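Step one of this worksheet: look at the structure below.
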Protein chains: 2
Amino acid sequence: MGPHLPHANSNGEPHPALKKNQKLVRDVLVASSAPLSAYSILDLLRDEGFRAPLQVYRALDKLMELGLVHKLESLNAFVACSHEACEVNEPAAFMICEVCESVRELGDIQLADHLGKLAANHNFALKHTTVELHGRCKNCA
Amino acid sequence: MGPHLPHANSNGEPHPALKKNQKLVRDVLVASSAPLSAYSILDLLRDEGFRAPLQVYRALDKLMELGLVHKLESLNAFVACSHEACEVNEPAAFMICEVCESVRELGDIQLADHLGKLAANHNFALKHTTVELHGRCKNCA
DNA sequence: AAATGATATGTAATAACATAACATTTTTGG
DNA sequence: CCAAAAATGTTATGTTATTACATATCATTT
Ligand SMILES: [Zn+2]
Ligand SMILES: [Zn+2]
Ligand SMILES: [Zn+2]
Ligand SMILES: [Zn+2]
């Protein structure tokens, strides 16, 4: 706890407020080509001092809140956001390859629109959508 | 094959081949207004002789294969199909109320179409889609 | 009827995913 | 500096799902 902290934000980081654990978790997700489970992340961060699942889940919760990470419900796994951060404008869909495990995050306006109208037609107040497409990617077809 | 098998289907059942456990599991799902976790189903079937999770999971696997039951990935829970059985024509989407836990299964052709084209545009061989809408239903808004 | 093979079921143990509860440290704002 | 708030560390526990192996049931073949 040095007296004269440089005190971040002098840099151009889009999300300067990330804490140590949050940054570590985000980094392993960004570096990974496939989605990672919370426990995989835990294993990858043992050397950085991680000991318990909660350290991972707490970081993930915050990162998801910031739109920097998304959860793939059908895999119980997590991916870094492909964009700067989705935040308000939610991701529309994920295409998940069952062979190479690659994930592509799509921001299809028309799809979001369609789902919005679908909900409206049923007087359903839409809060959050989960759209996950499983199959084989271009390379693995 | 056997000489004189009555060979089911003399009755009007859409899926005559259901085994005892499969029928029990299906019945509790049909009777439930909310989706049920596998362990809830297990508890509900203690009196019928169920003792272990696998009895439930095996029945669920078969029922899902037949299109009689669907899994809600975002809840880790299961619902009976609202139709006779989805089988080939997959369900398009589920609207899930966060208040009353009601689930409405939708078979929106246009949505299925849109997702199909989206996949095709990316040379993605689509096998299965998960679309789950979270929010508040008409009654709970 | 007896043997076979395929499917369904029973049971115990364990793996995988996630949260509760509480103590301690760090950060932040006055 | 100080108090409040946020983040972290740690243990224990809860929840969801699968592996492994034994047994039973039923249709076909001998
Ligand atoms: Zn995103
Ligand atoms: Zn692939
Ligand atoms: Zn259905
Ligand atoms: Zn409702």
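What you see is a predicted model; the values in this text were computed from it and never measured.
When heavy atoms are screened at a 4.0 angstrom cut-off, A:Lys20 is found touching the sugar-phosphate backbone but no base atom.
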Return a table of donor-acceptor pairs under 3.5 angstrom between the side chains of residues 131-141 of chain A and protein atoms on other chains or two or more places apart.
from	atom 1	to	atom 2	distance (Å)
A:Glu132	OE1	A:Glu73	N	3.4
A:Glu132	OE1	A:Ser74	N	2.9
A:Glu132	OE1	A:Ser74	OG	2.3
A:Glu132	OE2	A:Glu73	N	2.8
A:His134	NE2	A:Ser74	OG	2.8
A:Arg136	NE	A:Cys140	O	3.4
A:Arg136	NH1	A:Glu98	OE2	3.2

Show which side-chain atoms of residues 47-56 of chain B pair as donor or acceptor with protein atoms under 3.5 Å away, not counting sequence neighbours.
from	atom 1	to	atom 2	distance (Å)
B:Arg51	NH1	B:Arg46	O	3.2
B:Gln55	OE1	B:Arg51	N	2.6
B:Gln55	OE1	B:Ala52	N	2.9

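Distances shown here put a side-chain N or O of A:Asn76 below 4.0 Å from the OP1 or OP2 atom of C:dA18. In this model, the phosphate group of D:dG9 is approached by a side-chain N or O of A:Asn21 to a distance below 4.0 Å at OP1 or OP2. For A:Lys71 and C:dA18, the shortest distance from a side-chain N or O to OP1 or OP2 is below 4.0 Å.
Taking NE2 of B:His70 as the reference point, atom CG of B:Leu63 lies at 11.0 Å (rounded to 0.5 Å).
Checking each of A:Val69, A:Leu29, A:Leu72 against A:Val79 for a side chain to side chain contact (heavy atoms under 4.5 Å, CB included) leaves exactly one that passes, namely A:Leu72. Paired with A:Lys62 under the rule side chain to side chain contact (heavy atoms under 4.5 Å, CB included), one option of A:Glu65, A:Arg58, A:Met64 passes, and it is A:Glu65.
No side-chain heavy atom of B:Ile41 sits under 4.5 Å from any side-chain heavy atom of B:Leu24. With a 4.5 Å cut-off on side-chain heavy atoms, B:Leu106 and B:Leu111 do not count as touching.
The residue among B:Ala52 and A:Leu75 whose nearest nucleotide of DNA chain C lies closer to the 5′ end is B:Ala52.
Atom pair A:Lys62:NZ and C:dT26:C1' shows a separation of 15 Å (rounding to whole Å applied). Rounded to whole angstrom, the span from the CZ atom of B:Phe50 across to the P atom of C:dG10 amounts to 7 Å. If you take CG of B:Leu63 and P of C:dA8, they are 12 Å apart, rounded to a whole angstrom. Nucleotide D:dG14 holds its P atom 17 Å from the OH atom of A:Tyr57, rounded to whole Å. The interatomic distance linking A:Leu60 (CG) with C:dA16 (P) rounds to 18 Å, in whole Å. If you measure from atom CZ of B:Arg51 to atom C1' of D:dT23, you get 16 Å, rounded to the nearest angstrom. Atom CG in A:Asp61 sits roughly 16 Å away from atom P in C:dC17 (whole-Å rounding). Rounding to whole angstrom units, NZ of residue B:Lys23 and P of C:dA8 are separated by 17 Å.
Under the rule for a salt bridge (Lys or Arg N to Asp or Glu O under 4.0 Å), A:Asp61 has no partner lying at least two apart in sequence or in another chain.
For residues 93-100 of chain A, proximity to DNA chain D is found at no residue, defined as any non-hydrogen atom under 4.0 angstrom from a strand atom. Contact check of residues 37-48 of chain B against DNA chain D (heavy atom, cut-off under 4.0 Å) returns B:Ser37, B:Tyr39.
Ring geometry for B:His114 against A:His114 counts as tilted: the plane angle lies between 30° and 60°, on a 0 to 90° scale.
Minimum heavy-atom separation, B:Ser40 to B:Ser37: OG-OG, 2.9 Å. Minimum heavy-atom separation, A:Glu105 to A:Ala80: OE1-O, 4.2 Å.
When distances run from any side-chain atom of B:Gln55 to the nucleotides D:dT16, C:dT11, D:dG9, the shortest one goes to C:dT11.
More than 12 heavy-atom neighbours from other residues, nucleotides or ligands sit within 6.0 angstrom of NZ on B:Lys127.
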Atom pairs, protein N/O to nucleotides 19-21 of chain D N/O, distance under 3.5 Å:
none

